[in-house]
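As structure tokens, the structure follows; a few thoughts come after it.
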Amino acid sequence: RAFVVEEPSSKIFAFVSVDFGMGAHAVTRLALELLNTDTKTKGVFDYTNLCISGTHTHSSPAGFLGKVLFQITSLGFQKTSYETYAQAVYKAVAEAYATRSAATISSNRGLVEDANINRSPTAYLLNPAAERAKYPNNTDKEMVLLKFQDATTGAGIGMLNWYSVHGTSLNNTNKLVSGDNKGYASYLFEQAVNPAGTVTGEGKFVAAFAAANLGDVSPNINGTFCMDTGLPCDNLHSTCNGRNEMCTGRGPGKDMFDSARIIGTRQYKRAMELYTQATTIVDGTVDMRHTFVDFSKFSFPLPMNSGAGGTNGNVTTCPGAMGYAFAAGTTDGPGMFNFIQATNTTNPFWNAVSDLLSKPTKEQIACQHPKPILLNIGEVTKPYDWAESVVPLQLLRIGDFFIIAVPSEFTTMAGRRMRERVADAVTKAGLSKKPTVVLAGLSNMYGDYTATFEEYQEQRYEGASTIFGPHELEAFIFNAVRLVNDMASGKNPSDTLPAPDFDIKKMIDLLPKWDYDTVGIGKHYGDVTVQPQATVKRGQIVEATFRSANPRNNIRTGGTFLTVEKFDVSSGKW
Ligand code: ZN
């Protein structure tokens with residue numbers, strides 16, 4: 001779902017919200033390559049003005065990230081996922097660009113009270129009491145929304161909002177491709193605005209529910225329970241009798257699909273209210289800045305108002321490392337990496353790569369303290385990099401509206417600090433007297449989680465996955481403030497490292513192959529081998545059997561694997 005915003009005869013950017021797990025550098029690179037080979041969009045988009053943010057659904061096809069750690073569950077890099085996502089982004093941006101017209105943008109904000117919960121509340125409590133006292137909840141309940149209308153007719157063109165909640169209404173037992181709660185909210189919104197019968201993805205009106213600071217935020221609002229006893233889990237460790245696999249989050253529905261529907265519907269309903277009542281006009285300068293920074297060793301002065309209390313000298317970030325709590329997983333999906341304990345597992349990809357993991361150096365252990373290091377991913381480059389080191393940060397502006405796009409899952413308080421400090425810098429630099437700042441999570445690359453310095457001390461899942469060490473958040477904020485100041489001073493482009501490489505030839509893929517399909521001579525794909533019952537009663541299940549193929553041989557982008565049609569008796573048509 002792409003939104004192209006342009007100030008006439010000036011700057012332009014595209015914000016794309018994708019129903020996938022997270023932004024990925026490999027995908028961003030390829031999408032830019034495609035946009036720059038199309039004569040209609042050639043030279044318009046680069047890293048600076050294209051933002052690709054993942055909704056963080058956990059039910060999207062995997063294998064599109066270029067780093068080893070994120071390829072384990074998909075048995076390596078999956079070219080099909082990677083190419084399909086990049087082509088979809090390219091197509092959506094090209095279409096938005098080609099059909100752009102004079103528009104009015106307005107904004108609104110309001111609370112969605114009953115659609116999220118903090119899944120690491122004990123870590124949140126480590127943040128200073130005075131800071132916590134500024135907020136009524138341990139998650140952000142506010143949805144911030146942009147409304148796009150045709151400037152001449154006033155007709156709605158699109159809606160884009162940011163709200164913090166994980167795409168984990170469907171847990172890791174789900175095997176179906178799904179946009180989870182945010183995808184469902186988009187579906188409802190687009191169905192409501194586009195003409196009846198519009199196929200999803202083909203309507204003119206586009207409604208995106210984008211990811212914000214959802215790092216510690218779960219949609220499973222009924223809390224965590226032990227699967228065996230039905231009693232609440234131990235709060236600090238999220239365990240049942242000391243075992244984490246038995247503790248799982250529960251949504252408000254009767255099953256996980258019902259929960260996805262309920263959490264999606266709550267976001268949709270509030271978004272529709274806010275959309276209908278949006279009146280604050282957003283206009284003025286369109287601008288953007290972007291930087292690539294090496295977070296394996298970024299050295300900077302720590303300000304006095306940071307959680308770590310400030311120092312006279314510099315602090316540094318560390319090469320990426322995962323703490324022990326990473327292996328346990330979260331209450332939204334216990335331990336998908338349980339194979340870590342054994343060297344010989346049923347996962348062939350893990351068997352092929354696990355011996356290459358390095359032991360952390362003394363410096364690394366000290367840098368990551370108090371994190372007990374489970375996977376020293378930042379210092380391994382075999383068979384290729386295990387995690388990101390050079391990460392992007394991006395700032396987009398429409399008048400008083402600022403989007404800070406981060407390649408990470410920020411926790412609630414991490415996101416609040418980032419937004420507050422960016423707003424502060426914007427005001428001080430004279431860019432805007434009353435800025436609105438939103439945080440676009442999981443954008444452009446995937447650099448795991450970002451917890452606050454205080455939350456990091458507890459080393460729950462989010463702290464254990466804050467891979468660049470205790471000062472990661474402050475390093476992001478330091479660079480965000482730099483981008484704000486560059487925007488104010490007119491420095492363009494901002495200082496940056498070159499975009500990291502991605503070498504597809506190096507990628508390993510151990511997924512069993514599926515090249516060949518056949519249905520036999522004289523038969524056709526789609527042939528029905530067992531016809532459904534001729535007549536059925538309401539409530540009865542209709543069954544039919546078809547000759548089919550492996551969906552990987554033709555993923556039918558923009559189409560569908562199955563259409564259900566209804567025969568209309570009066571018109572005699574399907
Ligand atoms: Zn997550």
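Indexing begins at 1, ligand by ligand and atom by atom, following the structure's order.
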Let me check your reading of the structure: within less than 2.8 Å of the Zn ion (ligand 1), is there an N/O/S atom from Tyr449?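 True for Tyr449.
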Flag His58 as yes if one of its N/O/S atoms falls below 2.8 Å of the Zn ion (ligand 1), otherwise no.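 So His58 does not count as coordinating the Zn ion (ligand 1).
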Looking only at the side chains, is there a donor atom on one of Tyr456 and Gln368 sitting less than 3.5 Å from an acceptor on the other?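 Checked: Tyr456/Gln368 side chains pair up, N/O donor to acceptor below 3.5 Å.
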Tabulate below the donor-acceptor pairs under 3.5 Å that side-chain atoms of residues 381-392 make, not counting sequence neighbours, or state none.
unit_1 : atom_1 : unit_2 : atom_2 : d
Tyr384 : OH     : Gln71  : OE1    : 2.5
Tyr384 : OH     : Ile508 : N      : 3.1
Trp386 : NE1    : Lys382 : O      : 2.9

Partners passing side-chain contact (heavy atoms from CB on, under 4.5 Å) against Lys134 (at least two apart in sequence or in another chain): Glu131, Glu420
Looking at His56, which of its N, O or S atoms is the nearest one to the Zn ion (ligand 1)?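 The Zn ion (ligand 1) is closest to the His56 atom NE2, counting only N, O or S.
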Looking at Glu409, the N/O/S atom that lies nearest to the Zn ion (ligand 1) is called OE1
Please indicate whether Lys269 has more than 12 foreign heavy atoms, meaning atoms of other residues, nucleotides or ligands, lying under 6.0 Å from its NZ.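 Not buried by this count: 12 neighbours or fewer within 6.0 Å.
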